[in-house]
Participant: 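I'd like to ask you about the structure that follows.
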Amino acid sequence: MYDVIIIGGGPAGLTAGLYAARGGLKTLICEEKVFGGQILMSYEVDNYPGFPKGISGMDLMDNFMKQAEKFGVETNYEGIKGIEDKGKTKDVILSNGTKLNTKTIIVAAGASANKLNCPGEKKFTGKGVSYCATCDGAFFRGKPVAVVGGGDSALEEALYLANLASKVYIIHRREQLRAVKVLQERAFSNNKLEFVFNHVVKEIQGDKFVNGVLVENVKTGELSRLDVDGIFIYVGITPNTKFLEDIIELNEDGYIIVNENMETNIPGIFAAGDIRVTPLRQVLTAAADGAIAASCAQKYIERNC
Ligand code: NAP
């Protein structure tokens, strides 16, 4: 019997693990992919306090992991099939069918990158289509590439790619960017970046590998082609809540609804990080959520178990 099972090993899950284990709770973090979460794909994080020179997502998460492990958190690499609320205790059902019994659950499974769902995207994934500039940018040294999206991710990664590629087109469906001002200013002053506003991707084209992208002007309907060797897609995220749909209360976009204690509608089940309804999705806010969730889970156990 665990005190806390944490689903997801990103900034929220690892911080929840650190707080729970440090508080003396028997704690397990289940992560089906790689510990660290989405921020692993960021070349540089320059808004996490305490690192005035910036730090790579990978180094930051390595520190999170080491700190959680120092306090004795257990980890495994299992996916989660579902959870069952049995009142005082809960079961977490792993993808291999094993049931783990626990007093509380913290859901910190984060969110995943959205797809464009246009012709060519699937065919050329790994052959010029990428969702991670830090992972794949080096393949495009000296070559033209495109980035799709107008949010923080698109601009951050376009700026990273500008160090490698010969040119970076930013294809955005509107004229206004969604990204924060500081990123917009950096992007507008970088002469390797060229904005293609009011355009959407109609098709990703290529032979064996990507060699171009067909775009449509949303105002005139005019089609044109950009000759690029790579296309990086950053069109938002979707919360990983499919396995919770009939159990936990979600909002219309699928994010978990919690109160200020990170409590869901089910007593003993908490949520933290990008997966919950929140006005800000950052490593810092995810970590803070994780700390609150673990601390409130501990109080819940003291009162109820
Ligand atoms: P986002 O903020 O939701 O932006 C997605 C962008 O893609 C928007 O510009 C959107 O256009 C566009 N888009 C969505 N669907 C599209 C489609 N089907 N076709 C074409 N364009 C489409 O997503 P994000 O940039 O991945 O960021 C996710 C969250 O992480 C945000 O809360 C962000 O602040 C946070 N984040 C923070 C940092 C940081 O602080 N360092 C870094 C990265 C991400 P519209 O603008 O027209 O909707």
Side-chain angles (χ1 to χ4, degrees), residues 10-12 36-61 108-122 129-135 146-161 169-188 193 195-204 213-219 226 231-240 251-256 272-289:
Q38 292 178 93
I39 198 67
L40 290 178
M41 294 198 237
S42 283
Y43 171 69
E44 192 180 354
V45 181
D46 66 0
N47 58 356
Y48 193 81
F51 297 91
K53 289 183 184 152
I55 181 167
S56 74
M58 224 169 255
D59 286 346
L60 185 59
M61 286 304 100
S112 302
N114 289 342
K115 305 272 188 288
L116 267 179
N117 296 318
C118 69
E121 183 180 22
K122 204 168 172 194
V129 172
S130 171
Y131 304 85
C132 177
T134 319
C135 320
V147 167
V148 189
D152 288 341
S153 301
L155 261 55
E156 270 191 0
E157 302 313 304
L159 285 162
Y160 170 71
L161 287 165
Y169 295 101
I170 301 183
I171 304 164
H172 183 38
R173 62 185 178 184
R174 293 187 294 143
E175 226 151 351
Q176 287 79 34
L177 294 165
R178 183 177 290 278
V180 290
K181 212 134 211 105
V182 63
L183 283 173
Q184 293 196 27
E185 283 166 5
R186 270 187 226 161
F188 286 133
L193 304 191
F195 285 90
V196 185
F197 284 128
N198 297 314
H199 279 74
V200 290
V201 174
K202 293 304 278 185
E203 187 182 353
I204 297 167
V213 52
L214 191 67
V215 292
E216 182 186 49
N217 184 319
V218 293
K219 293 201 163 157
L226 301 170
I231 175 161
F232 292 81
I233 297 166
Y234 295 101
V235 292
I237 53 174
T238 299
N240 297 321
N251 76 357
E252 65 281 5
D253 297 321
Y255 289 93
I256 299 175
D274 282 4
I275 201 163
R276 78 168 181 101
V277 177
T278 171
L280 190 61
R281 294 196 167 85
Q282 311 271 294
V283 176
L284 180 73
T285 51
D289 282 3

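Note that this is a predicted model, so its numbers are computed, not measured. Quick note: numbers below take in every heavy atom, side chains included, and nothing from hydrogens, waters or symmetry partners. One-based numbering, in listed order, for ligands and for the atoms of each.
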Participant: Near Gly150, which atoms of ligand 1 are under 4.0 Å from a heavy atom of that residue?
Facilitator: 6 (C), 8 (C), 9 (O)
Participant: Say whether Glu156, considering both its backbone and side-chain N or O atoms, lies within less than 3.5 Å of an N or O atom on ligand 1.
Facilitator: yes
Participant: Is the closest protein non-hydrogen atom to atom 31 (C) of ligand 1 under 4.0 Å?
Facilitator: no
Participant: Counting distance only, does the side-chain N/O of Asn240 pair as donor-acceptor with the main-chain N or O of Ala109 below 3.5 Å?
Facilitator: yes
Participant: Distance under 4.0 Å to a non-hydrogen atom of Arg281: what atoms of ligand 1 satisfy this?
Facilitator: 30 (O), 32 (O), 35 (C), 36 (N), 37 (C)
Participant: What orientation do Phe197 and Phe195 show, parallel under 30°, tilted 30 to 60°, or perpendicular over 60°?
Facilitator: parallel
Participant: Say you draw a straight line from OH of Tyr48 to CD1 of Ile55; how long is it, rounded to the nearest 0.5 Å?
Facilitator: 9.5 Å
Participant: Using atom types as modelled and distance alone, determine if a side-chain donor or acceptor of Thr285 lies under 3.5 Å from a backbone N or O of Leu280.
Facilitator: yes
Participant: Out of Ala179, Gly57, Gly149, Ser153, indicate the one that has the non-hydrogen atom closest to atom 24 (P) of ligand 1.
Facilitator: Ser153
Participant: What's the shortest distance from atom 28 (C) of ligand 1 to any protein heavy atom, and which residue and atom give it?
Facilitator: Ile237 CD1, 4.0 Å
Participant: Taking the minimum heavy-atom distance to atom 11 (O) of ligand 1, which of Arg173, Gln176, His199 ranks first?
Facilitator: Arg173
Participant: Which distance, rounded to the nearest 0.5 Å, do you find between the CD of Glu157 and the CE of Met41?
Facilitator: 9.0 Å
Participant: Return the residue, atom name and 0.1 Å-rounded distance of the protein heavy atom closest to atom 37 (C) of ligand 1.
Facilitator: Gln282 NE2, 3.2 Å
Participant: Taking atom 38 (C) of ligand 1 as the point of reference, which of Val45, Asn117, Asp152, Asp46 owns the nearest heavy atom?
Facilitator: Asp152
Participant: Run the side chain to side chain contact (heavy atoms under 4.5 Å, CB included) test on Thr134 and Met58 for me, step by step, so that the C-alpha distance in whole Å, both residues' side-chain angles and the decisive distance to 0.1 Å come before the verdict.
Facilitator: CA-CA 10 Å; Thr134 319; Met58 224 169 255; 5.9 Å; no
Participant: What are the two closest non-hydrogen atoms of Pro49 and Leu284, and how far apart are they?
Facilitator: CD-CD1, 3.8 Å
Participant: Should the proximity of Asn114 to ligand 1, defined as any heavy atom under 4.0 Å, be assigned to the side chain, the backbone, both, or neither?
Facilitator: neither
Participant: Starting from atom 7 (O) of ligand 1, which protein heavy atom do you reach first, and at what distance in Å?
Facilitator: Val235 CA, 3.3 Å
Participant: Where is the nearest protein heavy atom to atom 8 (C) of ligand 1: which residue, which atom, and how far?
Facilitator: Arg178 NE, 3.7 Å
Participant: If you measure from CZ on Phe188 to CG on Leu155, what distance do you get to the nearest 0.5 Å?
Facilitator: 7.5 Å
Participant: Which ligand 1 atoms, with their elements, are less than 4.0 angstrom from a heavy-atom of Gly236?
Facilitator: 3 (O), 5 (C), 23 (O), 26 (O)
Participant: Measure up the Tyr43 and Tyr160 rings against each other and bin them: parallel (under 30°), tilted (30 to 60°), perpendicular (over 60°).
Facilitator: tilted
Participant: Any idea which atoms of ligand 1 are less than 4.0 Å away from a heavy-atom of Gly151?
Facilitator: 4 (O), 6 (C), 9 (O), 25 (O)
Participant: With heavy atoms of His172 as the reference, note each atom of ligand 1 found under 4.0 Å away.
Facilitator: 9 (O), 11 (O), 45 (P), 46 (O), 47 (O)
Participant: Please could you name the atoms of ligand 1 that Leu116 approaches to less than 4.0 Å, counting only its heavy atoms?
Facilitator: 19 (N)
Participant: Hey, which atoms in ligand 1 end up nearer than 4.0 Å to a heavy atom of Arg174?
Facilitator: 45 (P), 46 (O), 47 (O)
Participant: State, to 0.1 Å, how close Glu156 and Ser42 come at their nearest heavy-atom pair, and which atoms those are.
Facilitator: OE1-OG, 4.0 Å
Participant: Which of these, Ile231, Val148, Leu116, sits in a side chain to side chain contact (heavy atoms under 4.5 Å, CB included) with Glu121?
Facilitator: Leu116
